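A note on names: the letters A, B, ... follow the listed sequences, proteins ahead of strands, and every chain is numbered from 1. None of the values given here were measured: they were computed from a predicted structure.
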There are 2 protein chains.
Amino acid sequence: PAKPSSKAIPIVMRAQTSHPLDPLSAAEILVAVATVRAAGATPEVRDGMRFIEVVLLEPEKNVVALADAYFFPPFQPSLLPRTKGGPVILEVHAATRGGHHRGKVISSEVVLVVQPSMDAMEYAECEAAVKSHPPFIEAMRKRGVEDMDLVMVDAWCVGYYSDADGPNRRLAKPLIFCRTESDCPMENGYARPVEGIHVLVDIRNNVIIEFEDRKLVPLPPADPLRNYTPGETRGGIDRSDVKPLQILQPEGPSFRVNGYFVQWQKWNFRIGFTPREGLVIHSVAYVDGSRGRRPIAHRLSFVEMVVPYGDPNEPHYRKNAFDAGEDGLGRNAHSLKKGCDCLGYIKYFDAHFTNYTGGVETIENCVCLHEEDHGILWKHQDWRTGLAEARRSRRLSASFICTVANYEYGFFWHFYQDGKIEAEVKLTGILSLGALGPGESRKYGTTIAPGLYAPVHQHFFVARMDMAVDCKPNEAFNQVVEVNVKVEETGLHNIHNNAFYAEEKLLRSELQAMRDCNPSSARHWIVRNTRTVNRTGLPAGYKLMPGPNCLPLAGPEAKFLRRAAFLKHNLWVTSYKHDEMYPGGEFPNQNPRINEGLATWVKKNRCLEETNIVLWYVFGVTHIPRLEDWPVMPVERIGFMLMPHGFFNCSPSVDVPPSPSVAEEEESVAPKLVPSVPLAKL
Amino acid sequence: PAKPSSKAIPIVMRAQTSHPLDPLSAAEILVAVATVRAAGATPEVRDGMRFIEVVLLEPEKNVVALADAYFFPPFQPSLLPRTKGGPVILEVHAATRGGHHRGKVISSEVVLVVQPSMDAMEYAECEAAVKSHPPFIEAMRKRGVEDMDLVMVDAWCVGYYSDADGPNRRLAKPLIFCRTESDCPMENGYARPVEGIHVLVDIRNNVIIEFEDRKLVPLPPADPLRNYTPGETRGGIDRSDVKPLQILQPEGPSFRVNGYFVQWQKWNFRIGFTPREGLVIHSVAYVDGSRGRRPIAHRLSFVEMVVPYGDPNEPHYRKNAFDAGEDGLGRNAHSLKKGCDCLGYIKYFDAHFTNYTGGVETIENCVCLHEEDHGILWKHQDWRTGLAEARRSRRLSASFICTVANYEYGFFWHFYQDGKIEAEVKLTGILSLGALGPGESRKYGTTIAPGLYAPVHQHFFVARMDMAVDCKPNEAFNQVVEVNVKVEETGLHNIHNNAFYAEEKLLRSELQAMRDCNPSSARHWIVRNTRTVNRTGLPAGYKLMPGPNCLPLAGPEAKFLRRAAFLKHNLWVTSYKHDEMYPGGEFPNQNPRINEGLATWVKKNRCLEETNIVLWYVFGVTHIPRLEDWPVMPVERIGFMLMPHGFFNCSPSVDVPPSPSVAEEEESVAPKLVPSVPLAKL
Ligand SMILES: [Co+2]
Ligand SMILES: [Co+2]
């Protein structure tokens, strides 16, 4: 009795104005869904179909190159819808014909023993099923809660701990919370976890399959500090001394956007979006004077994240959300608001994807593209003359933000004038709490308020970077070296004992390329082109510079590491293969297959000496909750940098012009000279 | 024949409008200098006096507290001038009388076998002495240079490698560079290091005491990429597609400044400035609702930095600049320019200090204070309702930038609405290069251009943080715990092997408190008040959260570590003592005394269980130069964070109000609606 399904639908002809990497339009999604649905044998099958994902099957790199070269020629991308429902799991390949809005099923395949990710409609159905289950109503009544409207049921995936969690059933193990009676629309229900109730839900059939009121843990008292909106419920008012700060770009932004193609300064790339990853950056290149457009990466995205919790007790040991593979970073993205989420001149992109029943959901203003001033870019002052040259740094940021249950994640790709690309994740949102009995505290977490504690946990992110350092279309001339600094031996050549040097080591094959960060040796990795050199005769390269990082704080036999073996190293390198996209495999939800994905692929131990290099950088932060993370956590940032290392002959930012100096601007920024009426009224 | 001297001059009455921690005014410096000079026995002695430093002797904490309590009462700060010249080194304590502009020498003391830091006038005198030395002129002629105006002689301190470097002589060992004939005012002379010439200068008497033309290394060819200003000399023009981006604060900034006292949001502190450290942040406190003004730190500053190079060859092994103690971060600070160095509404502070001959030098606009938008502060979106609350982060930055020879360092203290204080150093400027023979390359550096290489090196910074977590005046109730996460043992209580926990350990004494970073255990340190608790009953604390860090890549017997033993650990903790200010001792220049300073003080092994805690955080970055760091290095950032950990009962940023949303702002930021005439003309 398997369920989910996937179909790939090659579109014979997409609209001439779109590029093969453009995200799916709403129309394309609708055609794909209709095509798959129409292939159902009976009305019952057709109506029973549930759709997890309709995604663009990205064309091979040579097709993209052709499209880039001839602007917008005919091409054949594909759709990959996955349906759930009906009696079987199947994978369907189908084609749509752009002009006619009709599609055709090309092939279909049943994929056994997997569970695709959860859908928001399933969250809601699961909540409704639990809240109408009489024993649950009774259990809540025992805890003093009569009004079921106050109860929140957050469907969490079960992970895989034993055969009972296997994918032959589609399971959710919800966490229960209970709001107080309050008219606050943002009342923080996560402040009252309901513990001691075991519920297991079959979310395919919407039935409670296990229920037990195991232990009467009283609801924590309503924390007076639980809310983050002002007024009665927080018992406070907002501070009033934050004066407005506006970003003005009177001549507009420095970027140009054509469809999903972005040009900014010397950078260019394409914006993509998938339900699972959210923002994707395609075809990143830098225009380097007479050397023209030099590619750096084919495709950059966050392909998975895992948040393992460190409390061994129920229900926390089960919490290790794979927010991309189990939920979908893109499908849970926000519609952003100018002025609140982003300042300055903003170009937004909408995102489309299918919902559970095959309709199209659109998130307006989902991806944000904007410029930022980023402080000093470079400066030097001559001590003899006092003359100084300073330049300001401008960066271009592409980003989106998503919510998965209680937590928020913002994913940012920043492009800099000096050739750097920074990947940054911003973590915010609400801690996942547990209840404590009176006087109780927990070794595995921080007491946040009376009766409330926040278990320790880690947040891991996996950036997949399909690199193309100086590779023209169809070239696969990259390799990776690891650099470590070594202290020189004492001796006649090092009599002052100050010597050290950088030692390079080629990562020759995939098994050699499972590496961890090592700040003490300044370890980093450089993706090099094997055939292009800079003016000193050394290969052109881009360096992956780690930021702060960690490894899982868990025994190697930890259950969650069965599915997340990719967390065992900070860096993995593979030779590109089109279907190696998700480090825990395509279906991590309830996955019984140990080490699926990256940890298995690298056993092929493919040669990395000259190939299409894919970097998988795994980075994490250990979160020991603070009182100050409550009731909503101030943003924490974590990330890493791609930076040119011998890619250019000198700093590419040397030609950034000086900014207008003091006198010119002084008057227009002096507060007293600015009229107090809004500019729009002038 | 010792030379330098210091006097401390208690001012009986400072002007009533100044606070005991206000930086010295130009008048105060002049009085101090005149007082010391007048005490000279003969006209020759008086004229021969040279002044290294006139600094405020900061009053004891109780005097500051008194001043804070009674606003501006009489108080007795002191001046500490150091003079060089005359026949002896002496330390002078003297008093000035504010109203009458007269001072009085209170005491004087000869300090033997030390050399104070170098002065900019000495740089110039040293250059002139070398350039007029006939054997040097001949050596340059051999290298094809006739025009001595092209030659640059950068006086570097000699360090201490053997008795010959001892402080009985005042020595400089210059590095030589040679500009090309170019009319570019910013011609980058560092692009042509002149090697093979050994020069040792007695900079007290301005004589060359050793000279040898050891090896005829040809000058590197003029690198066409050496310059960073546009035009002929760089062979390029600036990019023209950077559109203006303005920061507008139509109602002015959110901070208020009264003299040197700064209030911003709930933060308040005092700006200080010394010639050696540059910016000092005094008396940092946070106004926490009904709990009032809660102190966090008495004094924050950067007290030293060291830049050891990793090439064992001449002249590079000698390069390990102590830029604070050998040169002075404050004395080498820049005059900042609005629009270039800083955007938005800026409050600048000037800085005053004595020059070598006792005149007052003023750096206008030396310290910059301004607000910045810093992205999202916190956000949560309810998945059930779609309602979102987001806040933008505003930060207040106090900063200065200095040049020491070729390199630039910007020092920033950022204050955030969520209680965080971030210390950030920005590194930029010009690499220190060596010359290579044709075809030569170096194991210890990166070839940057034909005949040019940049040795590997590290940049270390020492932040001294005299803490006062919740300590009222005269309270010394702080201690430090180290936190490490530990993986729980396998067993019945951890059957899924996911458990980990944070383990705290009190650092009981100074020798126990020499600690290194350890990202794998998420190691950090918390300064806690021993008597104040938060609402969960645990002590109020502030956490020192390390950023990326490293240790010296040198053998423990490295010569430069004699003077820089404080680099051997990332964290040191001491019990406050007023004269323990500089981790390498007061006079690191040519210092023969091994392990002076921090490494010696902690041998007292004072108890840290409840005291005035001083944190010394040592952090560094290993710099393997890239071609892209040339000809001027794009800013690299490194730093750390102080963040509340149980100091507040919940996030102090929860009351930040929402920003104006889309519609309100849309029109005023839309480029076409903004009039193209400057606002000032409206
Ligand atoms: Co967290
Ligand atoms: Co450097």
(message) Please classify the contact between B:Ile401 and chain A as side chain, backbone, both or neither, with a heavy-atom cut-off of under 4.5 Å.
(response) side chain
(request) For chain A, find which of B:Val632, B:Asp418, B:Asn494, B:Thr622 contributes the most heavy-atom pairs closer than 4.5 angstrom. (result) B:Val632
(request) Spell out, as yes or no, whether a donor-acceptor pair under 3.5 Å connects the side chain of A:Glu389 to the backbone of B:Tyr228. (result) no
(message) Given heavy-atom pairs under 4.5 angstrom as the criterion, report whether the side chain, backbone, both or neither of B:Tyr309 touches chain A.
(response) backbone
(message) Between B:Tyr444 and chain A, with a heavy-atom cut-off of 4.5 Å, which part of the residue counts as in contact: side chain, backbone, both or neither?
(response) both
(message) Run A:Ile376 and B:Asp341 through side chain to side chain contact (heavy atoms under 4.5 Å, CB included) and show every step you take.
(response) CA-CA 6 Å; A:Ile376 293 169; B:Asp341 294 298; 4.3 Å; yes
(message) Less than 4.5 Å to any heavy atom of chain A: does that hold for the side chain of B:Arg318, its backbone, both, or neither?
(response) neither
(request) Tell me, for B:Pro450 versus chain A, whether the close heavy atoms (under 4.5 Å) come from the side chain, the backbone, both or neither. (result) side chain
(message) Which one wins on heavy-atom pair count under 4.5 Å against chain B: A:Ala405, A:Pro308, A:Ser335?
(response) A:Ala405
(request) Give a yes or no on whether a salt bridge exists between B:Lys266 and B:Asp655, defined as a side-chain N under 4.0 angstrom from a carboxylate O. (result) yes
(message) Donor-acceptor check, side chain of A:Gln381 to backbone of B:Thr403, threshold 3.5 angstrom: yes or no?
(response) no
(request) Sort B:Ala390 into side chain, backbone, both or neither according to what part of it lies under 4.5 angstrom from a heavy atom of chain A. (result) side chain
(message) Can you tell me which portion of B:Asp311 sits under 4.5 Å from chain A's heavy atoms? Options are side chain, backbone, both or neither.
(response) backbone
(request) Could you check if a side-chain atom of B:His645 sits within less than 4.5 angstrom of a side-chain atom of B:Val483, using non-hydrogen atoms only? (result) no
(request) Give, as side chain, backbone, both or neither, the part of B:Met186 having an atom under 4.5 angstrom from any heavy atom of chain A. (result) side chain
(request) Any chance you could lay out the side chain to side chain contact (heavy atoms under 4.5 Å, CB included) test for A:Asp373 and B:Glu372, step after step, and finish with the verdict? (result) CA-CA 10 Å; A:Asp373 176 82; B:Glu372 291 178 354; over 6 Å; no
(request) Say whether, by atom type as modelled, one donor and one acceptor occur between the side chain of B:Gln417 and the main chain of B:Gln265 under 3.5 angstrom. (result) no
(request) Tell me, for B:His493 versus chain A, whether the close heavy atoms (under 4.5 Å) come from the side chain, the backbone, both or neither. (result) backbone
(request) Examine distances only and state if a side-chain atom of B:Glu557 and a backbone atom of A:Asn497 form a donor-acceptor pair shorter than 3.5 Å. (result) no
(request) In sequence, state the C-alpha distance, the side-chain angles, and the governing distance for A:Arg394 and B:Leu245, and then conclude on side chain to side chain contact (heavy atoms under 4.5 Å, CB included). (result) CA-CA 9 Å; A:Arg394 188 73 62 86; B:Leu245 185 151; 3.5 Å; yes
(request) Hey, can you tell me if A:Tyr317 and B:His496 have their rings parallel, tilted or perpendicular (30° and 60° cut-offs)? (result) parallel
(message) Looking only at heavy atoms and a cut-off of under 4.5 Å, which of A:Asn498, A:Val635, A:Ile624 has the most pairs with chain B?
(response) A:Asn498
(message) Using a 4.5 angstrom heavy-atom cutoff, name the option from A:His524, A:Lys426, A:Glu371, A:Glu488 with the most pairs to chain B.
(response) A:Glu488
(request) Indicate yes or no for a side-chain donor-acceptor contact from A:Glu628 to the backbone of B:Gly646 under 3.5 Å, with no hydrogens or angles considered. (result) yes
(request) Find the one option among B:Val404, B:Asn188, B:Thr447, B:Thr385 whose heavy-atom pairs under 4.5 Å with chain A are most numerous. (result) B:Thr447
(request) Against chain A, label B:Trp630 side chain, backbone, both or neither, depending on which of its atoms sit under 4.5 Å from a heavy atom there. (result) both
(request) Name the member of A:Cys650, A:Cys550, A:Ser520 that forms the most heavy-atom pairs with chain B at distances under 4.5 Å. (result) A:Cys650
(message) Quick check against the 3.5 Å criterion: does A:Gln458 have a side-chain atom that pairs as donor or acceptor with the backbone of A:Leu551?
(response) yes
(request) Considering only NZ, NE, NH1 and NH2 on the basic side and carboxylate oxygens on the acidic side, decide whether B:Arg239 and B:Asp241 come within less than 4.0 Å. (result) no
(request) Using a 4.5 Å cut-off on heavy atoms from C-beta on, say whether the side chain of B:Val456 contacts that of A:Phe500. (result) yes
(request) Report the option among A:His316, A:Met633, A:Met152 that has the most heavy-atom pairs separated by less than 4.5 Å from atoms of chain B. (result) A:Met152
(message) Donor-acceptor pair, distance only, cut-off 3.5 Å: does the side chain of B:Arg392 make one with the backbone of A:Cys340?
(response) yes
(request) Mind ranking A:Gly429, A:Ser653, A:Ala449, A:Gly386 by heavy-atom pairs under 4.5 Å with chain B and telling me who comes out on top? (result) A:Ala449
(request) Determine the option with the most heavy-atom pairs under 4.5 angstrom with chain A, choosing from B:Lys543, B:Lys420, B:Lys559. (result) B:Lys559
(request) Could you look at B:Val621 and say if it's the side chain, the backbone, both or neither that has a heavy atom under 4.5 Å from chain A? (result) neither
(message) Using a 4.5 angstrom heavy-atom cutoff, name the option from B:Asn320, B:Ile430, B:Asp382, B:Asn313 with the most pairs to chain A.
(response) B:Ile430
(message) Counting heavy-atom pairs closer than 4.5 Å to chain A, which one of B:Ala522, B:Pro244, B:Gly555 comes out on top?
(response) B:Pro244
(request) Against chain A, work out which of B:Arg391, B:Lys486, B:Glu127 has the most heavy-atom pairs shorter than 4.5 Å and name it. (result) B:Glu127
(request) Select one option (side chain, backbone, both, neither) describing which atoms of B:Leu553 are under 4.5 Å from chain A's heavy atoms. (result) both
(message) Quick check on B:Asn549 against chain A: is it the side chain, the backbone, both or neither that has a heavy atom closer than 4.5 Å?
(response) backbone
